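Notes for the one structure printed next.
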Amino acid sequence: MTNHGHYRLSDAGKTVMVQGFVQKKRNLGQLLFIDLRDRTGIIQLAFDADHPLRSEAESLKNESVISATGTIVERSSKNPSIPTGEIELSIDALTVHSKAEQPPMLIQDETDALEETRLKYRYLDLRRPVLQNNLIIRHKIMQAVRSFLNPTGFLEIETPILTRSTPEGARDYVVPSRLYDGDFYALPQSPQIFKQLLMVGGLEKYYQIAKCFRDEDLRKDRQPEFTQIDIETAFLSEDDITAMAEGLVRHIFKEAGEPLADSPFQRLTYLEAMSQYGSDKPDLRFGLTLNDYASLLGDIPLDFIQGKKIKGIHVEGENTALTRKVLDGFKDLIADLNVAFSFIKKEDALSGSLVKHLSDAQSDAINQTLNAGDTLILAIGEKADTALGRIRLALRDQLDLVHDAPHAAAIITDWPMFEYDEETARYYATHHPFTLPKGDLKAIQNHPETLMSHAYDVVINGHEVGGGSLRIHDAQIQEAVFEHLGLSLDEAKERFGFFLDAMRYGVPPHGGIAFGLDRLTMILAHTDNIRDVIAFPKTSSAQDLMSEAPGPISNIQKKELHLK
Ligand code: ASP
């Protein structure tokens, strides 16, 4: 491999061959310089006026691919802004491998190209060091997964891409079958069923860096195909699995050069996370936790307050960034939640729309709680926690609270087994229907919303980076869960018959987890654009602008696939 970015003044006198792309030329009359770029950096090639290769060098366009042999020498005018800035190469031989046309974009970290252009010419975009570095981080994460799991008996096993619908709850991508008229394969939303069947198959410890496909409306951090670090184990307890997950995440961050603090990941139940942070994926890099103000303010004689849930965030100190306008703007963030919003500021006196309704005792108590300059942000109503969770993140950004803060990881446990969807008037599995319920299954009939589960998420800096659960390994419990989800035994058999069959032949207790490789890479590459960490990504409208996928197929193909 070429590695000319690593040469230093201590290499002076060595004769070396360098290869790469012409980044730029500078013609100073007497001297001609070429900056040559490879994956490791830039090196300067020098040609003087009567150099035999001078005119050939002068004719080279940017991005042409060349090899050159020469001697490393000390530069007369040094450039401290690049690592090789003290040296240059005095050239003896030059080979032009491929001449480049004028590229349609500027190939450097700070490019002015639109993202559309960058995606259409992704092979040029990939030449930019910033993208190469992201792919190096991604590579390191994948290798770290293997070097962590292999020594403890995990086997890397592939599962099919052409398969049947899997139950992660998103829309499937489907592939028409040529041999079976009217039948379709589905692409896996995850290897979930297969990895469980590997446990039934006695493999005990499985992992895979697996492609998953979900045909969902895309967001900034979603792609139609994405990669999971997928893991399943037999006979391990929930604590064993979450400890393994913590160890793996630590190893990944260490190998990527950003080791996490020694203190164990904070563990919170779902209910604790919701009531303290207003989120099931709390950002623990900063405080501003939610407190209950019902006992203090609950008897304010106003209809929208009495008997309601009242939660608040106490923001300490004078904050020029927290203007009245900013505070009022928080209302828009929670407009869909049916929650009343208010705030009390303490300047010389208390101010805010609630202040005139406070009793003397309440005013005294608030005056005791708040110091001059403090603000108490209040949300009132059933979904007060969720509302303040959103406001808490807006405060983080507005007050710049996590700039350079160390990564903060948490494990969120004890998730509700089911969630109710008002629109479709039915229950859905919060994680997925194979998750093992916790405690008394009878709750399914009477109070399904109180039934908790052995599910867990790994959260870093407020992002869900992984999620998993112990699985049901008893056919009766599995059938009860399907039934509660409105899936009759017949329908369940029709969709997962092979899986239910497998449960009749001895199933080890098992559980696992899947991490989002893209998301982990985004955190370690410090980007919030998922396309920055995937070599050939799709746009936010699910197109590959370079290969122009999706695209039409020929009539012959359509006919073979029985498509009209
Ligand atoms: N298959 C699950 C998911 O994709 C992860 C797991 O339960 O292991 O979220």
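Whatever order the structure lists ligands and atoms in, that order sets their numbers, starting from 1. Predicted model only: the values in this text are computed from it and were never measured. Quick note: residue numbers are just sequence positions, from 1.
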Is there any N or O on [X] that sits under 3.5 Å from an N or O of ligand 1?
{"X": "Q192", "value": "yes"}
{"X": "H432", "value": "yes"}
{"X": "D230", "value": "no"}

For ligand 1, which part of [X] has a heavy atom less than 4.0 Å away: the side chain, the backbone, both, or neither?
{"X": "A514", "value": "both"}
{"X": "R471", "value": "side chain"}
{"X": "E464", "value": "neither"}
{"X": "T435", "value": "neither"}
{"X": "Q189", "value": "neither"}

For [X], take its heavy atoms, then give the atoms of ligand 1 lying under 4.0 Å from any of them.
{"X": "R214", "value": "4 (O)"}
{"X": "K195", "value": "6 (C), 8 (O)"}
{"X": "H431", "value": "6 (C), 7 (O)"}
{"X": "G468", "value": "6 (C), 7 (O)"}

Pick one: which of T152, I231, I157 meets side chain to side chain contact (heavy atoms under 4.5 Å, CB included) with K205?
->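 Checked T152, I231, I157 against K205; only one passes side chain to side chain contact (heavy atoms under 4.5 Å, CB included): T152.
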
Please assess Y207 against F148 for the test ring-ring contact (aromatic ring centres under 6.0 Å, His included), listing each intermediate value before the final yes or no.
-> CA-CA 11 Å; Y207 77 96; F148 182 82; over 10 Å; no

Provide, to 0.1 Å, the distance between [atom] and the closest protein heavy atom, together with that atom's residue and name.
{"atom": "atom 4 (O) of ligand 1", "value": "Q228 NE2, 3.0 Å"}
{"atom": "atom 9 (O) of ligand 1", "value": "E168 OE1, 3.9 Å"}
{"atom": "atom 5 (C) of ligand 1", "value": "G467 O, 3.4 Å"}

Is the shortest heavy-atom distance from the side chain of Q208 to the side chain of K195 under 4.5 Å?
->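 Q208 vs K195: side chains apart.
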
Quick one: which of R471, Q196, H473 gives a side chain to side chain donor-acceptor pair (under 3.5 Å) with H510?
->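 Looking at R471, Q196, H473, the match for H510 under the side chain to side chain donor-acceptor pair (under 3.5 Å) is Q196.
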
Euclidean distance, T539 OG1 relative to E116 CD, rounded to 0.5 Å =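 If I round to the nearest 0.5 Å, the distance is 8.5 Å.
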
Carboxylate-amine/guanidinium contact [X] [Y], below 4.0 Å:
{"X": "D292", "Y": "K309", "result": "no"}
{"X": "K211", "Y": "E225", "result": "yes"}
{"X": "D125", "Y": "R531", "result": "no"}
{"X": "K281", "Y": "D457", "result": "no"}

Heavy atoms of other groups near K383 NZ, more than 12 under 6.0 Å =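 Not buried by this count: 12 neighbours or fewer within 6.0 Å.
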
